[in-house]
Amino acid sequence: MTVLAVAGLVKSFGGVQAVNGVSFSVAAGEMLALIGPNGAGKSTCFNMLNGQIKPDSGRIALNGRNIAGLSPNRVWRLGVGRTFQIAATFASMTVRENVQVALLAHRRHIWRFWRPAAAWFVPEADALLTQVGMRDQAERAASVLAYGDLKRLELAIALANAPRLLLMDEPTAGMAPAERTALMQLTRSLASRQGLAVLFTEHDMDVVFGVATRIVVLNRGELIAEGDGPTIRADPRVRAVYLGSGVTSGGHRC
Amino acid sequence: MGFILVQFLTGLASASSLFLVAAGLTVIFGVTRVVNFAHGSLYMLGAYLGWTILSALPRDPAWFALGVVLTGAGVAAIGMTIETTLLRRIYKAPELLQLLATFGVVLIVQDVVLKVWGPDDLTLPRPRWMRAFVTIADQRVPVYDLLTIAIGPLMLLGLWLLFTRTRWGTLVRAATQDREMVAALGVDQRRLFTAVFALGAGLAGIGGALALPDGSANGQMDLTVITDAFVVVVVGGLGSLPGAFLASLTIALLQAFGIVLFPKITLVLVFIVMAVVLVLRPNGLLGRPLAAARGDANTPALVRAAVPALRWLGAAVLLLAALAPLFAGPFALSVLTEMAIAMLFAASLHAMMGPGGMVSFGHAAWFGLGAYGAAFAVKGLALSMPAALIIAPAGAALAALLFGGFVVRLSGVYLAMLTLAFAQIVWAIMFQAVSVTGGDNGILGVWPAAWATDPRTYYWLTLAICTAGVLLLRRILYAPFGYALRAARDSETRAAAIGLNAAWLRLAALVMAGAAAGLAGGLTAFAKGSVFPGYVSIGRSVDALLMVLLGGVQSMAGPVAGALVYTGLFDILLMVTDLWRLVLGLSIVALVLIFPQGIAGTVHRLWLRGREA
Ligand SMILES: Nc1ncnc2c1ncn2[C@@H]1O[C@H](COP(=O)(O)OP(=O)(O)OP(=O)(O)O)[C@@H](O)[C@H]1O
Ligand SMILES: [Mg+2]
């Protein structure tokens, strides 16, 4: 079942054509990797998908409904979770409180003025933290976490609204290689267990080829290839874009 | 026709003086990102120092010019001293703390000027060449005005050449765009900052000296000038020199004609202009959005409920406060009443500034509206005191709701300045609508209900209401709403991505803070038996800011501690010394250098030391 279907997405900043007529779709339980060199337009795609910026034109259908141009908080309410390329969490709160706030927002309990927030949804928050392996750090301040842990916390926050679609912009940047594969394997098992559609970007090709069900390649805003691992590896245009940078050998470039 | 010309020239002349001060302020902000509240004090020092130098020199134009330049150099040297001894140490500190430090400098300079030059306004005898006129279109125009008019554009030209044609200027412009990058280029940032600060201070000093022939050196000019200069800098766009020039022209001309066309609203015309500009252009006329402050100092600290020891301390203080009337005299009782009210006032500002992330330079607006609301209720509507104490917060909250829609769209200094604009508009209404508000004489005879006339009863009532108010605010800030508010402050992107609407949350926080400040104002009206425009003054807004910053914004205990220490310190100082500003200013500067986290933050940190894994 198709969860997300993007057609003819376009966005330019001044003279820069950041995204130019991109179309793809993601089905439930699928892990779609969006790859491409720096500045290819990956983050811009993500920002349009979650409503942070409005596309110039194009259609973004979530479960058949066009969500292009809706605000981020409307998009979240429709069941889209996301993590950011530069991790965004609440520094003045503990790890658990970060997740609790997301749960409170999801259950529409924000406009409550009496019962302390710390008392709400503790088991639910801890369950999400357990899923991402952060349960033992629940009491720590988010501001003192190692970068990899911060990314896992972000994942827990993004899962708080039980999303149908999960957007992950470079989820493993800043992590050790072993951690990367572990986090993405975890995401993959979540995806297949809960029928979650996952769209992610990633510079580490080992991770991409290891977990992605399908891959789309973006270059200068244009979609140049689409297919499974072997197809992408063999594609001459992809090889040209990544020439000399080791599309098959992995390693992080930034 | 001739009359229009004269007003036009007058406007141009005051535009030049405005630009001199604003140029320095905007350059300093652009490079160091410090909101320098002491810039008006540098201008005042320029006026006083200029008076001393110019009085000693012969009265020819050439000597006058030399005297002005010498004054500029002198003030630049003072600026350099302030930068190297104080500001240099706190560039990495949180922005609010830098603000607090420059407040400290304002207080110190006020007393130093008073001690050195005395309390009288100082004027410069005008020699013959200064009194000369030229006749333009049948109107006599002072030659000195024409000179002043020329100085503005000349100064802009000079600064433009300095910033575009010299290597140093290029570095300054690069630093305005990206501090870290310049540091990475291997430029000695410390020297660059010191030089920029000295340049800005020198410009302010020249401005002060040039203003002497048309006015006087007096002890109030620092706050008047800093307010005008802030307005110019904000309207022009922070860090933009051409913006500051354009804004000086706009504002000075509007004032020159406004005084003729709408004499009733001249006091607020400037602020109305600023409010309109900020609503239409949230970054000023020529300003660009500022990059968010980087660095660890501005990462918000973890917020935790007070540790048990602190709660016990709070309870003990409260018990002591409740028993105080049994042994305190009437004076002590009035100080204690004031302290209780200050606590609520500071807590209300903290709710906005801390969790809400909105710094307000005009918090007195809500306080004043509450005070006047209560006074109207009992004097105009003949309502009872309890009814008045409901009207006070309700009225302030309503005003906050109406005005808040504009405020929550802005951020940082722009937001702070819009709150100041609103407070000044409220002040002008209270000051000028004499038939309703009594103008400068205020409204007298606002006495408590018969059952509360005993100062002890009124004190207990105030203590109960203020304590309840503070605890209620605390409760709300630890409830889901408070967390959501804090979430929107910590990371606006993340907050939006989990469905939080920052604008609505901030508006609600503003209304809540407005209501609490209004209640504090209402209680003050009955405590003093009168209300005055002074309740809405900049000074009162600054008091609130100082209390919160002294205490620290990280926890609820901060504003309470800050209010008690500030009010107590203030009253004790007032009793023991006439140099209270100097002592207070020095204490603030010392506190900033020693406890950059505020009182409560530091205590909390000491407590936690060794406890956090
Ligand atoms: N807000 C913006 N304003 C102007 N240009 C932008 C903006 N955001 C992105 N761009 C430009 O659009 C292009 C695509 O940027 P984007 O961030 O989407 O790339 P990316 O594929 O995510 O790259 P990376 O791998 O470095 O994260 C780049 O040329 C970038 O400079
Ligand atoms: Mg990116």
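For clarity, every value in this text was computed on a predicted model and none was experimentally measured. Per chain, numbering begins at 1; letters A, B, ... match sequence-line order.
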Quiz item: For A:W114, is it the side chain, the backbone, both, or neither that has a heavy atom closer than 4.5 Å to a heavy atom of chain B?
Solution: both
Exercise. Please check if atom CD1 in A:I86 has more than 12 non-hydrogen atoms from other residues, nucleotides or ligands closer than 6.0 Å.
Key: no
Quiz item: What closest approach, in Å, do B:D490 and A:A91 show between heavy atoms, and which atom pair accounts for it?
Solution: OD2-N, 3.2 Å
Quiz prompt | Which atoms of A:R77 approach chain B - backbone, side chain, both or neither, heavy atom under 4.5 Å | solution = side chain
Quiz item: Do A:R112 side-chain atoms and B:P480 backbone N/O form a donor-acceptor pair below 3.5 Å?
Solution: no
Quiz prompt | A:I110, part contacting chain B, at a heavy-atom distance under 4.5 Å | solution = both
Quiz item: Would A:E97 and B:V303 count as a side-chain contact (heavy atoms from CB on, under 4.5 Å) if you check the C-alpha gap in whole Å, the side-chain angles of each, and the deciding distance to 0.1 Å?
Solution: CA-CA 11 Å; A:E97 288 169 347; B:V303 173; over 6 Å; no
Quiz prompt | Among B:A495, B:A508, B:A497, B:A488, residue most engaged with chain A (heavy-atom pairs, under 4.5 Å) | solution = B:A497
Quiz prompt | Minimum-distance pair of heavy atoms, taken over all atoms of B:F481 and A:W111 | solution = CE1-CZ3, 3.7 Å
Practice problem: Say whether, by atom type as modelled, one donor and one acceptor occur between the side chain of B:R486 and the main chain of A:S92 under 3.5 angstrom. | Solution: yes
Self-check item: Residue, of B:P355, B:G482, B:A487, that accumulates the most heavy atom pairs under 4.5 Å with chain A
Solution: B:A487
Exercise. Using the side-chain contact (heavy atoms from CB on, under 4.5 Å) rule, take B:R494 and A:F84 through it: C-alpha gap first, then chi angles, then the decisive distance, then the call.
Key: CA-CA 8 Å; B:R494 170 50 73 195; A:F84 292 89; 3.5 Å; yes
Quiz item: Tell me, do A:T94 and B:R304 make a side-chain contact under 4.5 Å, heavy atoms counted?
Solution: yes
Quiz item: Does CZ in A:R115 sit with more than 12 non-hydrogen atoms of other residues, nucleotides or ligands closer than 6.0 Å?
Solution: yes
Self-check item: Those residues of residues 43-66 of chain A, ordered by number, that approach chain B below 4.5 Å (heavy atom to heavy atom)
Solution: A:N50, A:Q52
Practice problem: Indicate yes or no for a side-chain donor-acceptor contact from A:N73 to the backbone of B:A496 under 3.5 Å, with no hydrogens or angles considered. | Solution: no
Quiz item: What part of B:L505 gets closer than 4.5 Å to chain A, counting heavy atoms only: side chain, backbone, both or neither?
Solution: both
Exercise. Test B:Y483 against A:F90 for side-chain contact (heavy atoms from CB on, under 4.5 Å), laying out the working first.
Key: CA-CA 10 Å; B:Y483 269 72; A:F90 307 127; over 6 Å; no
Exercise. Count the heavy atoms belonging to other residues, nucleotides or ligands that lie under 6.0 Å from CZ of A:F24, then report whether that count exceeds 12.
Key: yes
Self-check item: Which of B:I498, B:L477, B:L472 touches chain A most, by non-hydrogen pairs under 4.5 Å
Solution: B:I498
Quiz prompt | Region of A:S71 in contact with chain B, defined by heavy-atom distances below 4.5 Å | solution = neither
